[in-house]
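We count ligands from 1, going down the list as the structure has it; atoms in each ligand are counted the same way.
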Amino acid sequence: MSLDLARPELLEPRALIAGAWIAGQNRSDVTNPATGEVIAHAADLTAAEMRQAIDAAHDAGPAWAARTARERADILMRWHDLMLDNQEDLARILTAEMGKPIAEARGEIAYGASFIRWFAEEGRRVYGDIIPGHQPDKRIMVLKQPIGVVGSITPWNFPNAMIARKVAPALAAGCTFVGRPAESTPLSATAMARLGHEAGLPDGVLNIVTGSDSAGLGAELCRNPKVRKLTFTGSTEVGRILMRQCAQNITKLSLELGGNAPFIVFDDADLEAAVQGAIMAKYRNGGQTCVCANRIYVQDGLHDAFVERLGEAVAAMKVGPGLDETNQIGPLIDQPAMDKVQAHLDDAVGRGARLVAGGRRSDQGPLYFEPTVLADIQPGTRLLAEETFGPIAPVVRFHSETEVIAMANATEFGLAAYFYTRDLGRSWRVAEALEYGIVGLNTGLISTAEAPFGGVKASGLGREGSRYGIDDFLEIKYLCAAV
Ligand SMILES: NC(=O)C1=CN([C@@H]2O[C@H](COP(=O)(O)OP(=O)(O)OC[C@H]3O[C@@H](n4cnc5c(N)ncnc54)[C@H](O)[C@@H]3O)[C@@H](O)[C@H]2O)C=CC1
Ligand SMILES: O=C(O)[C@H](O)CS(=O)(=O)O
């Protein structure tokens, strides 16, 4: 399959260990979800090769940590610039392996690059403290030092940005990195790594281990004592597995897990703004993001008008291959994802939901599902309790602020929530009452490198981005000196 790349060498099927590109003994096919075509045969590495990558990162650690923060920042900024210089190629590779519309893929490359820039800057501001002594002859000094080898496991839905959001603070802090991208989307990771080496990353600082043995490769990252930090983005189920495995060495852990975002529209909201916000929050990446609106609550006074307007807007959305600039909704990632979306639709309709728009598979191909709006959602519907990870918007009518906050919080998850109101007091009350790590007020797009992204409850541990995001890659040490 030709991707019309300006730099064809960026379509890299091999893994990267200690600065060497490794083809491995076995291959796993990378397929384009839009067409089913095989776009590459990626290196399918083993736990033994994962150990080699961890050893390489461990060996490269001291020299990388000894660089000044400015030297590390200069290399990271060259990497940032190369990502943007090659944005179109990176976006085309991303859309080919993951399926998202090309405009969203371009946006993801810029989003990923923004984390590299942000942490190139943050790495130079890892300050310590001098604390007044507790005795006349004592002085206390606080140091912050890189934690060491960082293991990373990332999902398929943002195959560039989820790695960038982890590798940038790790390298800026002076750590070294072993990334294991999702088996279905390894090519965005290897393309990034090619550019990282062009930018000047020394051998062993950045390693990418591709492979289909998710459990085996992951277990090595969790159980190898040389790995001092594991950072994971993906489902809560896998997060629990990793948490158990990391207990063996008390490996520091950050987890960006599943979500079940409520999207709440109060009677005093701007209707059109709420409709546009719901479209952004629900249908970005075809609904395949952890912060997607998973259930929409609309107060009585606006409910009917909102459902009508949302249905009209969604019915006008175009479904098709992501490389076609005119499409807004691409394919789902794979058949299990399609099966889950269909099961959620069937369950809702079977319980009495009303179909407002979409509601069926698209004739574009086996993995395409039309963007869908459902109303009259009944209690107990799976769409309200489970993360759909697809383009279905269930709309539920509500009557009072107290009622909707209780419904919004009735989930094990706590990643993102959204609400629309023009009442100042309500803005404060609802923002403080929602049990989530991220709250969008009058906006459906909340993610940026400047902000601390992360969830509470079963949505994870830790924060990525912002000035807080580098802390997870540092150890705090203090010196108590008798003078
Ligand atoms: N909080 C966040 O930022 C995000 C959360 N997610 C959540 O992840 C789910 C969908 O993404 P998926 O990639 O299907 O999630 P997933 O958890 O199945 O896979 C994520 C990564 O973990 C790997 N993996 C799977 N089983 C593993 C194991 N036993 N040991 C080690 N690694 C393993 C996969 O190969 C992949 O690279 C949804 O629940 C979604 O909400 C996805 C993206 C972002
Ligand atoms: O993986 C995801 O779903 C991302 O975290 C969503 S975002 O950062 O692009 O909002």
Side-chain angles (χ1 to χ4, degrees), residues 28 47 50 98 100 104-105 107-112 114-115 151-166 179-186 188-189 208-223 230-246 254-261 280-281 284-294 332-334 336-337 340 386-390 411-416 418 436-438 440 443-449 451-465 469:
S28 61
M50 175 61 86
M98 188 262 140
K100 69 177 65 175
E104 288 192 39
E108 183 182 339
I109 302 306
Y111 180 49
S114 74
F115 285 99
S152 160
I153 301 172
T154 43
W156 47 264
N157 61 341
F158 288 82
N160 174 289
M162 288 309 97
I163 295 175
R165 198 159 80 178
K166 300 172 185 305
R180 192 276 168 172
E183 61 274 28
S184 47
T185 56
S188 294
I208 299 289
V209 177
T210 57
S212 59
D213 179 13
S214 301
L217 295 172
E220 184 59 36
L221 280 173
C222 293
R223 294 175 175 146
L230 184 79
T231 173
F232 170 70
T233 294
S235 65
T236 295
E237 302 84 77
V238 174
R240 290 187 173 112
I241 293 170
L242 299 175
M243 201 168 187
R244 284 194 291 271
Q245 291 178 163
C246 283
S254 53
L255 299 170
E256 294 291 350
L257 305 177
N260 181 5
M280 177 59 72
R284 180 164 69 103
N285 206 17
Q288 301 174 111
T289 93
C290 55
V291 292
C292 276
N294 200 59
L332 295 168
I333 187 69
D334 56 22
K340 183 176 183 182
E386 301 172 18
E387 184 179 45
T388 301
F389 233 59
T411 172
E412 68 168 331
F413 295 106
L415 185 57
Y418 308 83
Y436 291 84
I438 310 167
T443 180
L445 193 56
I446 52 179
S447 306
T448 180
F453 187 105
V456 300
K457 301 195 305 188
S459 288
L461 299 169
R463 293 295 181 266
E464 295 187 319

A.B. asks: Write out the residue and atom name of the closest protein heavy atom to atom 7 (S) of ligand 2, then the distance separating them to 0.1 Å.
C.D. replies: Ser447 OG, 3.5 Å

A.B. asks: Any heavy-atom pair between the side chains of Arg165 and Thr231 that's under 4.5 Å?
C.D. replies: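 Not in contact.
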
A.B. asks: Could you verify whether a donor N or O on one side chain and an acceptor N or O on the other, from Ser152 and Lys166, lie under 3.5 Å apart?
C.D. replies: no

A.B. asks: With respect to Tyr111, determine whether any N or O atom, backbone or side chain, lies less than 3.5 Å from an N or O atom of ligand 2.
C.D. replies: yes

A.B. asks: Check Val291 against ligand 1 and report side chain, backbone, both or neither, counting heavy atoms closer than 4.0 Å.
C.D. replies: neither

A.B. asks: Among all the protein's non-hydrogen atoms, which is closest to atom 37 (O) of ligand 1, and how far away is it?
C.D. replies: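 So the nearest neighbour among protein heavy atoms is Thr154 O, 2.7 Å.
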
A.B. asks: Which of the numbered atoms in ligand 1 are under 4.0 angstrom from any heavy atom belonging to Arg180?
C.D. replies: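 With Arg180 as reference, the close atoms of ligand 1 come out as 23 (C), 34 (C), 35 (O), 36 (C), 37 (O).
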
A.B. asks: Answer yes or no: is there a side-chain heavy-atom contact under 4.5 Å between Tyr418 and Thr443?
C.D. replies: no

A.B. asks: Any non-hydrogen side-chain atom of Met243 less than 4.5 Å from a side-chain atom of Phe232?
C.D. replies: no

A.B. asks: Heavy-atom distances under 4.0 Å decide this one: backbone, side chain, both or neither, for Arg284 against ligand 2?
C.D. replies: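 Side chain only.
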
A.B. asks: For atom 22 (O) of ligand 1, what's the nearest protein heavy atom and its distance?
C.D. replies: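 The closest one turns out to be Phe232 CE1, 3.3 Å.
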
A.B. asks: At under 4.0 Å between heavy atoms, which part of Cys290 makes contact with ligand 2: side chain, backbone, both or neither?
C.D. replies: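 The part of Cys290 near ligand 2 is both the backbone and the side chain.
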
A.B. asks: Can you sort out which atoms of ligand 1 are near Asn157, meaning under 4.0 Å from one of its heavy atoms?
C.D. replies: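 Matching atoms, with element in brackets: 42 (C), 43 (C).
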
A.B. asks: Where do Arg180 and Ser214 come nearest, in terms of heavy atoms and distance?
C.D. replies: NH2-OG, 3.2 Å

A.B. asks: Would Phe158 count as a contact of ligand 1 if the rule is a heavy atom under 4.0 Å away?
C.D. replies: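 Under 4.0 Å: no for Phe158.
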
A.B. asks: Which heavy atom of the protein is the closest neighbour of atom 5 (C) of ligand 1, given with residue, atom name and distance?
C.D. replies: Leu257 O, 3.0 Å

A.B. asks: Starting from atom 33 (C) of ligand 1, which protein heavy atom do you reach first, and at what distance in Å?
C.D. replies: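 Looking only at protein heavy atoms, the one closest to atom 33 (C) of ligand 1 is Val238 CG1, 3.6 Å.
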
A.B. asks: Which residue owns the protein heavy atom closest to atom 3 (O) of ligand 1, what's the atom, and how far is it?
C.D. replies: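 It is Cys290 SG, 3.0 Å.
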
A.B. asks: Please state which protein non-hydrogen atom is closest to atom 12 (P) of ligand 1 and give its distance, to 0.1 Å?
C.D. replies: Trp156 NE1, 3.3 Å

A.B. asks: Could you pull out the closest heavy-atom pair between Pro181 and Ile208, with the gap in Å?
C.D. replies: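 Taking every non-hydrogen atom into account, CD-CG2, 4.0 Å.
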
A.B. asks: Could you say whether the N/O atoms of Glu256 and ligand 1 ever approach to under 3.5 Å?
C.D. replies: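 So ligand 1 has an N or O lying under 3.5 Å from an N or O of Glu256.
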
A.B. asks: Can you figure out which of Ala161, Ser214, Gly234, Ser184 has its heavy atom closest to atom 7 (C) of ligand 1?
C.D. replies: Gly234

A.B. asks: Measuring to protein heavy atoms, does anything land under 4.0 Å from atom 15 (O) of ligand 1?
C.D. replies: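 At least one protein heavy atom is under 4.0 Å away.
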
A.B. asks: Please determine whether side chain to side chain contact (heavy atoms under 4.5 Å, CB included) holds for the pair Leu230 and Gln245, giving the CA-CA distance in whole Å, both sets of side-chain angles, and the decisive distance to 0.1 Å.
C.D. replies: CA-CA 11 Å; Leu230 184 79; Gln245 291 178 163; over 6 Å; no

A.B. asks: Checking Asn260 side chain against Asn294 main chain: does a donor-acceptor pair fall under 3.5 Å?
C.D. replies: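 No; zero donor-acceptor contacts below 3.5 Å.
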
A.B. asks: I need the contact type for Leu242 against ligand 1. Using non-hydrogen atoms and a strict under-4.0 Å cut-off, is it side chain, backbone, both or neither?
C.D. replies: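 The part of Leu242 near ligand 1 is the side chain, not the backbone.
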
A.B. asks: Who's the nearest protein heavy-atom neighbour of atom 10 (C) of ligand 1, and how far?
C.D. replies: Phe389 CE2, 3.6 Å

A.B. asks: Checking contacts here: is it the side chain or the backbone of Met162 that comes within 4.0 Å of ligand 2, counting heavy atoms only? Could be both or neither.
C.D. replies: side chain

A.B. asks: Can an N or O of Glu183 be found at a distance shorter than 3.5 Å from an N or O of ligand 1?
C.D. replies: yes

A.B. asks: Checking contacts here: is it the side chain or the backbone of Leu217 that comes within 4.0 Å of ligand 1, counting heavy atoms only? Could be both or neither.
C.D. replies: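 For Leu217, there is no contact with ligand 1 at all, from either part.
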
A.B. asks: Would you kindly specify which portion of Asn157 sits under 4.0 Å from ligand 2, judged on non-hydrogen atoms: side chain, backbone, both or neither?
C.D. replies: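 For Asn157, the contact with ligand 2 is made by the side chain alone.
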
A.B. asks: Where do Arg463 and Val456 come nearest, in terms of heavy atoms and distance?
C.D. replies: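 The answer is NH2-CG1, 3.8 Å.
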
A.B. asks: Counting each atom of ligand 1 from 1 as listed, which ones have a heavy atom of Gly258 under 4.0 Å away?
C.D. replies: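 Numbered from 1, ligand 1 contributes 41 (O).
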
A.B. asks: For Phe453, which part has a heavy atom under 4.0 Å from ligand 1: side chain, backbone, both, or neither?
C.D. replies: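 Answer for Phe453: side chain.
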
A.B. asks: Would you call Val291 and Leu415 a side-chain contact if the rule is heavy atoms closer than 4.5 Å?
C.D. replies: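 With C-beta onward as the side chain, the pair touches.
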
A.B. asks: Can an N or O of Pro181 be found at a distance shorter than 3.5 Å from an N or O of ligand 1?
C.D. replies: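 Not met; the criterion fails.
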
A.B. asks: Side chain, backbone, both or neither: which part of Glu387 has a heavy atom under 4.0 Å from ligand 1?
C.D. replies: side chain

A.B. asks: Under 4.0 angstrom from ligand 1, any heavy atom of Gln288?
C.D. replies: no

A.B. asks: Give the atoms of ligand 1, by number and element, whose distance to some non-hydrogen atom of Leu415 is under 4.0 Å.
C.D. replies: 1 (N)

A.B. asks: Arg165 heavy atoms, cut-off 4.0 Å: which ligand 1 atoms fall inside?
C.D. replies: 3 (O)

A.B. asks: Going by the atom numbers of ligand 2, which of them fall below 4.0 Å from some non-hydrogen atom of Thr289?
C.D. replies: 3 (O)

A.B. asks: With backbone taken as N, CA, C and O and side chain as the heavy atoms from C-beta onward, which portion of Arg165 lies under 4.0 Å from ligand 2: side chain, backbone, both, or neither?
C.D. replies: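 The side chain, only.
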
A.B. asks: Kindly confirm or rule out an N or O of Thr233 lying under 3.5 angstrom from an N or O of ligand 1.
C.D. replies: no

